[in-house]
Amino acid sequence: MEKDVKEILFSEEVLREKVKQLGENITKDYCDKKLVLVGVLKGASVFLSDLIRHIKIPVKIDFIAVSSYGLTTESSGVVKIIKDLDDGIEDKHVLIVEDIIDTGLTLHYLCENLLSRKPKSLKICTLLDKPERRKIEILVDYKGFDIPDEFVVGYGIDYAESYRNLPYVGVLKREIYE
Ligand code: IMP
Ligand code: MG
């Protein structure tokens with residue numbers, strides 16, 4: 001195990017099984033629809049690339065990158081789009097794919113922004129959720145796991161741009177970021 005990680009929360013095998021289930025549910029729900037997955041860079045990139053291989057209907061992918069100003073392990077709620085979608089989403093069924101929802105401020109902003117582009121539908125799929133930390137209500141349509149209020153890394157999720165390559169999700173030792 002990586003030395004900066006205190007504990008593994010979800011192993012590779014556990015992640016694989018959950019991502020497969022999510023893909024199957026999405027396949028069922030969108031069976032007669034054309035779907036656009038919008039991955040939120042960079043954290044959701046690993047999750048999204050595994051997820052699409054379990055979605056058995058035609059699907060397109062696009063990416064958006066946002067930055068949240070503020071402290072390194074806390075979202076400020078002030079969000080800026082650094083890279084916008086390549087294509088329009090008007091009249092499309094859109095599913096946002098996110099790595100982790102914490103306060104909800106980032107996704108709240110993102111949903112408002114994407115809704116203004118008039119998609120036919122907009123839903124949310126997140127691998128991880130920290131419901132205790134929520135500052136604004138977010139309706140999550142597809143969720144991998146709820147997690148406690150701990151700072152996690154791995155499977156695409158970073159601390160200061162590192163640890164994204166860990167194949168599992170683990171809790172980062174506090175001494176690393178405090
Ligand atoms: P929110 O706006 O507070 O919901 O924060 C959302 C973003 O903060 C996520 O998409 C992550 O990029 C980041 N984030 C929140 N919690 C964690 C964590 O435990 N580890 C790494 N990044 C996190
Ligand atoms: Mg993210």
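Only a predicted model underlies this, so the values are computations on that prediction, with no experimental measurement involved. Note that ligands are numbered from 1 as they come in the structure, with each ligand's atoms numbered from 1 the same way.
- A cation-pi arrangement, defined by a distance under 6.0 Å to the six-membered ring centre and an angle within 45 degrees of its axis, is absent between K18 and F10.
- Other residues, nucleotides and ligands place more than 12 heavy atoms under 6.0 Å from the NZ atom of K83.
- The closest heavy-atom contact to atom 10 (O) of ligand 1, among the options D99, V66, I136, comes from D99.
- Residue-to-ligand polar distances keep I157 apart from ligand 1: every N/O pair is separated by 3.5 Å or more.
- Residue contacts with ligand 1 for L107 are absent, since no atom lies close enough (heavy atoms, distance under 4.0 Å).
- The proximity of E150 to ligand 1, defined as any non-hydrogen pair under 4.0 Å, is limited to the backbone.
- Contact analysis puts D158 in contact with ligand 1, with a non-hydrogen atom separation below 4.0 angstrom.
- Put simply, the residue from I101, L105, T106, L107 that forms a side chain to side chain contact (heavy atoms under 4.5 Å, CB included) with T103 is L105.
- Of the heavy atoms in T106, both backbone and side-chain atoms come closer than 4.0 Å to ligand 1.
- In this pair, H93 and Y30 present their aromatic rings perpendicular. The plane angle is above 60°, beyond the 30 to 60° band.
- For ligand 1, the atoms closer than 4.0 angstrom to any heavy atom of E98 are 10 (O).
- Geometrically, ligand 1 and G104 share a nitrogen or oxygen pair separated by less than 3.5 Å.
- Side-chain atoms of Y142 and D29 include a donor-acceptor pair closer than 3.5 Å.
- At a heavy-atom distance under 4.0 Å, only side-chain atoms of K130, from C-beta outward, approach ligand 1.
- With ring centers used as reference points, Y155 lies 6.0 Å or more from Y168.
- For the pair I100 and ligand 1, the shortest N or O to N or O distance falls below 3.5 Å.
- Ring geometry for Y177 versus F151: interplanar angle of 30 to 60°, hence tilted.
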